[in-house]
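See below for the structure under consideration.
This structure is a prediction, so every number in the text was calculated from the model and none was measured.
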Amino acid sequence: MLIIGVLLLPFFVYALIVQFKYSRSENSKNEKGKMVLAKSAKHALPVFPYGWLALEIYHRMIANVPYDTYRDTIWVLILLVFTIYGLSIRHYTREQAFQNQVECSK
C-alpha cells in the first residue's frame, strides 16, 4: 500500500496546487466558482467512506489487516480524496473556460 501512496504523491501535489490556486482566485468567489467547488466535493468526498468501508469489510470477513497496512491505506485514501478534488476542480474549470469560449464565439 505504501508503493501506491508513493505513486499517488505527484498527482496529489499537482492537485493540491490546483486546489490552492483556484481557492485563492477571484473565480472561486462567484456563483460559478462555488458550483465548481460543490461539484468537485460531490465527486471527491464519498471516496473516503467507501474506501474505509471496503477496508473494514475486507478486515472483518476475509483476512486480518495489520495495523501498518491499515494506517497506510487510510493515508492513501486521504491522498486520493484530495487528488480527486483537485483534478475535479481542474476539469470543471477547463469545462467552464471551454463554455465561455463557445459563448464568446457565437
(request) State, yes or no, whether a side-chain contact exists between Tyr85 and Leu45 at a heavy-atom distance under 4.5 Å. (result) no

(message) If you count every heavy atom of other residues, nucleotides or ligands that lies below 6.0 Å from Ile3 atom CD1, does the total exceed 12?
(response) no

(request) Could you check if a side-chain atom of Val36 sits within less than 4.5 angstrom of a side-chain atom of Tyr22, using non-hydrogen atoms only? (result) yes

(message) To the closest 0.5 Å, what do you measure between CG (Leu87) and CD1 (Ile84)?
(response) 8.0 Å

(request) Test side-chain contact (heavy atoms from CB on, under 4.5 Å) on Leu55 and Ile74 and set out the steps. (result) CA-CA 9 Å; Leu55 180 63; Ile74 295 299; 4.2 Å; yes

(message) With a 6.0 Å cut-off (strictly less than), is the heavy-atom count around CZ of Phe11, excluding the residue itself, greater than 12?
(response) no

(message) Has Thr69 got a side-chain atom pairing as donor or acceptor with Val65's backbone, closer than 3.5 angstrom?
(response) no

(message) Please report the interatomic distance CG(Leu8) to CG(Leu77), rounded to the nearest 0.5 Å.
(response) 10.0 Å

(message) Tell me whether Lys21 at atom NZ has more than 12 heavy atoms from other residues, nucleotides or ligands lying less than 6.0 Å away.
(response) no

(message) Could you tell me if the side chain of Trp52 sits less than 4.5 Å from the side chain of Tyr70, heavy atoms only?
(response) yes

(request) Enter the distance from Thr83:OG1 to Ile78:CD1 here, rounded to the nearest 0.5 Å. (result) 11.5 Å

(message) With rounding to the nearest 0.5 angstrom, report the NE2 to OG distance, His91 to Ser40.
(response) 9.0 Å

(message) Working to the nearest 0.5 angstrom, can you tell me the gap between His43 NE2 and Ile89 CD1?
(response) 11.5 Å

(message) Distance check, rounded to the nearest 0.5 Å: Arg90 atom CZ versus Gln19 atom CD?
(response) 14.0 Å

(message) Using side-chain heavy atoms (C-beta onward) and a distance below 4.5 Å, is Phe12 in contact with Leu80?
(response) no

